[in-house]
Amino acid sequence: MAALSSSTYISKSSINEFSLSNNKHSKSFFLLKLKLNNKLHSRRRNLSVNNALSVNQQLFSVQQETTDASSNGTVVPDSESVISSIKYHAEFTPSFSPDKFELPKAFYATAESVRDKLIVNWNATYAHQEKMNVKQAYYLSMEFLQGRALLNAIGNLELSGAYAEALTKLGHDLEDVAREEPDAALGNGGLGRLASCFLDSLATLNYPAWGYGLRYKYGLFKQLITKDGQEEVAESWLEMGNPWEIPRNDVSYPIKFYGEVVNGPDGRKEWVGGENITAVAYDVPIPGYKTKTTINLRLWSTKVAPEYFDLNAFNSGDHPKAYEALKRAEKICYILYPGDESHEGKTLRLKQQYTLCSASLQDIIALFERRSGEALDWNKFPEKVAVQMNDTHPTLCIPELLRILIDYKGLSWKEAWEITQKTVAYTNHTVLPEALEKWSLNLLQQLLPRHVELIEMIDKELIDTIIAEYGIKDLELVKEKLKQMRVLDNVELPASVLEVLVQPEEIPIVDLVKEEESAEEGSEEVTEATSEDDELKVKEPKEVKIIPKVTFEADPNQPKMVRMANLCVVGGHAVNGVAEIHSEIVKNEVFNDFYKLWPEKFQNKTNGVTPRRWISFCNPELSKIITKWTGTEDWVLNTEKLDELRNFADNEDLQSEWRKAKRINKEKMVSFLKEKTGYLVSPDAMFDVQVKRIHEYKRQLLNILGIVYRYKKMKEMSAEERKENFVPRVCVFGGKAFATYVQAKRIVKFITDVGATVNHDPDIGDLLKVVFVPDYNVTVAEVLIPGSDLSQHISTAGMEASGTSNMKFAMNGCIQIGTLDGANVEIRQEVGEENFFLFGAEAHEIAGLRKERSKGKFVPDPRFEEVKEYVRSGVFGPYNYNELMGSLEGNEGYGRADYFLVGKDFPAYIECQDEVDKAYRDQKKWTKMSILNTAGSHKFSSDRTIHQYARDIWTIEPLVLP
């Protein structure tokens, strides 16, 4: 790393006298920086930075004369040096006009100031990892749902006080400045948020690791709620630039699509022709908490070289043709999860996945080669590299790593396959069929012809393994195993395999008996043939059985597919689920055949969330109370300390403080809901919240139907009866329905229609409010979660892999109502069964209940029929809800028969909600339950999960900076 010598020093006064309006000081400061810049240019170039450290980073790091012992020996800037740094960026790295220092400009200058400090630590981390050359983990994910970075960064750097004071002196409040930051539109749901929590924990725990993703220009979409329900518009998070990212124009890799595979002059396969683009790196520093370790999130953007711009076409007026190649490349990183109903949409998604895999692996391999130097040994690649695939989106890592090792590094198939299997691991996130990705073999063949050849070889390896394991005596068994386990689905078996498995049309089973066999063995006598034809003398069989031929033909009426999840299992050394119940389903149902073949591959790694963002920073009121009653701030790093709160759960003083903190958070939530939705709600009500991706299996529909039933019963009562029978509730929803998911969008529309009716009903008043918060994201969650009293995690049992929002709510003392699904099972165990409202069918019952439904044996509860009829009556407006209600009716058919068991669980759900009302009336009991939820959340820190990944899958060790 390029660094200033220890004798280089800048006095405080030379910085503190600098002012936005003082040209004299501006000029002298600029000249000073120029001198330092010249010194920096004389240093060797460090590949971990753009060219060299910015001078302001050096100023920021060397100007302090004192060191804070509590900060691991690192220099801690005071407010005056922070002011100087902010002022510098306001003038010399401006994104705004120079005459004003308003909130938007204040945010960018502040963020760039913080980034300077991050880069100092970041480069130190990189240099130390480069020097030590230890094994490193690389986490590949299509999503990283980061949220705002400013408060998280200064919190992890322990600079919140200095920045708050500095901004106050500059005329702004830190929280107001932080609100100017848009959420990074790099993710959608729990998958992306988990990835971001993992990066925070990796940095905090000093593990050598990087994240890899794509830099989406427009994100998933920005959600608007109108009278027609959800509408989607493009995200604008990059319109003013991203102060946290550093473009690495010198770090780019070629990506190819289409073309053909030919044999090169040296006999190696060559992938030639086709469409060529370039992936360019954008780096985002991820700081650890109370450590100098700062790791990297590398995001890829796509472009083409200038020569692909057709200047002749442009000048002749054919502008679309002129920039066709440019747009084709750029659109790869436009949108997260582009609609894939069309062929073009499917192609674009596959291009995204391959771009992530190819660019990342080329980068990882380049780093391995550089660190290995002349001692390059490819057999040591798995000893230095661990690649984790977050769900099936990065599956193409497997054939891509093989391609590079075989076609470019000259390894044999056997060598490359062994290295790949030792390097790659797979996290499964779902049991839903639509999430177990399959790709058209024809599309893959067109887009990635060399990879299809390698996938066919992997498939052949698997087939050979299956036959070696099960033999060929029971061909029906072999056929079933191949059907379930092959990577290639509905694709003809290789000819060499068919030769082994082929049979005659019919096989007669006869009593062939050798004459010379003894009678005591019960055999018929057969005289050994003496003729030249060596014929056997066979007695007439008593019985002939005909075994029908077992065929292995593909179905010409079905598409040929590539099963990405199967490829992940075959190509990696570890497969993990993300909650105990989910991992059991993975082993016993989803991948049972693979589990029987390779039981050692399968593990559980229950998800976790970072306690820094999800308690310490987003809920400072509760954090102070936890620190006071546990006697230490260590709980932020060691959440086991939270368990000590159990000892004080009945303490009246703690309960009083706990309720006050909750009240403060609820009042913040009231203001937030008014700002975002226009609805004014009472903080005296119970805040009942369900915020997550809108999907039928997550059953927002069950929740809103329960609310409709509640509303209907209220309307049937007098005002006095209502107050006596119902606890006031504010029911809050949030989440995005995928743009092409029609049923999910109907559910959003239904929720907003119910809210529009209920919230304007003078008979109901504050007894019931229904609020849908638009554009749910991390920042919204940071307000809603601390203010919630009850949170709903009510998915159909066996369908939610884990969930992470349930963990965040538990950490913040929010009591949960839910099914035995995902991490709910473990949360309930930890917080105590009496502190979790449980209802609904269990996972092992679901298949039987669906079967009963298909036979017409399900009898709906009268209350369920009543609520559907009420919806259809038009009380919630003119929208026709027949399609939505119809999905809950009938016994079979697509989009019918209540596949997610809303009707089955409805009676238990509304009865459980009665128990919630009863418990909430006893505030002492409720507060105790809340405390025990926070205490029980101690096992759901992402730090704990990362330690398990590092130990059991990646085999990496922490690397603390000196």
Side-chain angles (χ1 to χ4, degrees), residues 1 44-48 125-140 202 206-212 251-254 264-271 281 295-296 298 357-389 394-426 450-451 453-454 457-458 461 567-568 570-574 598 600-601 949-959:
M1 180 184 83
R44 71 174 180 84
R45 185 172 179 271
N46 187 320
L47 291 175
S48 71
T125 303
Y126 184 91
H128 190 52
Q129 291 174 354
E130 187 92 350
K131 176 183 176 183
M132 301 305 293
N133 191 20
V134 295
K135 186 175 184 180
Q136 187 161 325
Y138 300 93
Y139 197 83
L140 272 65
L202 284 164
N206 302 296
Y207 281 113
W210 276 22
Y212 281 102
V251 180
S252 62
Y253 297 98
D266 58 357
R268 293 185 192 175
K269 297 280 189 176
E270 290 185 9
W271 183 15
I295 65 173
N296 193 32
R298 176 156 284 178
C357 295
S358 181
S360 302
L361 279 171
Q362 289 183 68
D363 198 43
I364 291 165
I365 287 170
L367 181 63
F368 170 75
E369 289 180 314
R370 187 170 70 249
R371 289 182 177 178
S372 298
E374 295 181 359
L376 179 64
D377 181 353
W378 287 106
N379 290 318
K380 292 185 178 179
F381 189 77
E383 298 174 18
K384 297 295 183 180
V385 173
V387 174
Q388 188 70 36
M389 300 181 295
T395 306
L396 290 169
C397 280
I398 294 167
E400 177 66 2
L401 181 54
L402 287 167
R403 183 183 74 88
I404 295 172
L405 293 177
I406 295 171
D407 295 356
Y408 288 93
K409 306 307 175 183
L411 274 66
S412 68
W413 161 261
K414 184 178 179 181
E415 291 171 323
W417 181 232
E418 185 176 346
I419 289 168
T420 299
Q421 286 187 302
K422 289 180 178 179
T423 301
V424 175
Y426 161 54
R450 178 59 177 140
H451 296 76
E453 291 183 349
L454 293 164
M457 295 175 73
I458 295 170
E461 286 278 341
L567 180 53
C568 287
V570 177
H573 65 90
W598 298 307
E600 70 282 357
K601 281 192 180 188
Y949 273 95
R951 179 192 66 208
D952 302 335
I953 298 179
W954 305 332
T955 61
I956 61 173
E957 298 289 339
L959 183 64

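Quick note: residue numbers are just sequence positions, from 1.
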Engineer: Should the pair Lys422-Glu418 be classified as a salt bridge under the 4.0 Å nitrogen-to-oxygen rule?
Structural biologist: yes
Engineer: Is the side chain of Lys269 donor-acceptor paired with the backbone N or O of Asp407 at a distance under 3.5 Å, no angle test?
Structural biologist: no
Engineer: Less than 4.5 Å apart, any side-chain heavy atom of Arg298 and any of Val251?
Structural biologist: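 Yes, close enough: below the 4.5 Å cut-off.
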Engineer: Can any side-chain N or O of Gln362 pair as donor or acceptor with the backbone N or O of Pro254 at less than 3.5 Å?
Structural biologist: yes
Engineer: With sequence neighbours left out, write down each residue that passes ring-ring contact (aromatic ring centres under 6.0 Å, His included) with Trp413, or none if nothing qualifies.
Structural biologist: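 With sequence neighbours excluded, Trp413 shows a ring-ring contact (aromatic ring centres under 6.0 Å, His included) to Trp417, given in chain and number order.
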Engineer: Check the pair Ile365, Tyr408 against side chain to side chain contact (heavy atoms under 4.5 Å, CB included), reporting the backbone distance first and the verdict last.
Structural biologist: CA-CA 11 Å; Ile365 287 170; Tyr408 288 93; over 6 Å; no
Engineer: So, Lys409 and Glu415, do they make that salt bridge, N to O below 4.0 Å?
Structural biologist: no
Engineer: Can you tell me how far CG of Leu405 sits from CZ of Phe381, rounded to the nearest 0.5 angstrom?
Structural biologist: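 Between atom CZ of Phe381 and atom CG of Leu405 there are 6.5 Å.
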Engineer: Determine the minimum heavy-atom distance between Gly571 and Ile398, stating which atoms define it.
Structural biologist: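 Smallest heavy-atom distance, with atoms named: CA-CD1, 3.9 Å.
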Engineer: Can you tell me how the ring of Trp210 sits relative to the ring of Tyr138, calling it parallel under 30°, perpendicular over 60° and tilted otherwise?
Structural biologist: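 It falls in the perpendicular class, over 60°.
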Engineer: Taking the six-membered ring for Trp, are Phe368 and Trp378 parallel (under 30°), tilted (30 to 60°) or perpendicular (over 60°)?
Structural biologist: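 Correct class here is tilted.
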Engineer: Identify the two heavy atoms, one from Val134 and one from Arg371, that lie closest to each other, and give their separation to 0.1 Å.
Structural biologist: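 That would be O-NH1, 4.3 Å.
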Engineer: Between Arg450 and Ile406, which heavy-atom pair has the shortest distance, and what is it?
Structural biologist: NH2-CG2, 4.1 Å
Engineer: Rounded to the nearest 0.5 Å, how far apart are OG of Ser358 and CZ of Arg403?
Structural biologist: 5.5 Å
Engineer: Would you indicate whether the side-chain heavy atoms of Cys397 and Gln388 approach each other to under 4.5 Å?
Structural biologist: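 In short, these two side chains do not touch, never coming nearer than 4.5 Å.
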Engineer: Under the 3.5 angstrom rule, does the side chain of Gln136 hit a backbone N or O of Ile956 as a donor-acceptor pair?
Structural biologist: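 It does not hold such a pair.
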Engineer: Please report the closest heavy-atom contact between Ile404 and Leu361, naming both atoms and the distance.
Structural biologist: CD1-CB, 4.4 Å
Engineer: From Ile295 CD1 over to Leu202 CG, what is the distance, rounded to the nearest 0.5 angstrom?
Structural biologist: 5.0 Å
Engineer: What residue among Ile419, Thr420, Thr955, Val387 forms side chain to side chain contact (heavy atoms under 4.5 Å, CB included) with Pro382?
Structural biologist: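 Testing each of Ile419, Thr420, Thr955, Val387 against Pro382, the sole residue satisfying side chain to side chain contact (heavy atoms under 4.5 Å, CB included) is Ile419.
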Engineer: Check whether the side chains of Tyr253 and Asp363 place a donor and an acceptor atom closer than 3.5 Å, and report yes or no.
Structural biologist: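 Judged by distance alone, the side chains do pair up.
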Engineer: Going by atom types only, do Gln129 and Thr125 share a side-chain donor-acceptor pair under 3.5 Å?
Structural biologist: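 No, no side-chain donor-acceptor contact under 3.5 Å.
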Engineer: Search all heavy atoms of Leu401 against all heavy atoms of Val424 and return the closest pair with its distance.
Structural biologist: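 That closest heavy-atom pairing would be CD2-CG2, 4.5 Å.
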Engineer: Ala425 and His573: which non-hydrogen atoms are nearest, and at how many Å?
Structural biologist: CB-NE2, 4.0 Å
Engineer: Do NZ/NE/NH1/NH2 and the carboxylate oxygens of Lys135 and Glu383 come within less than 4.0 Å?
Structural biologist: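 Salt bridge: no.
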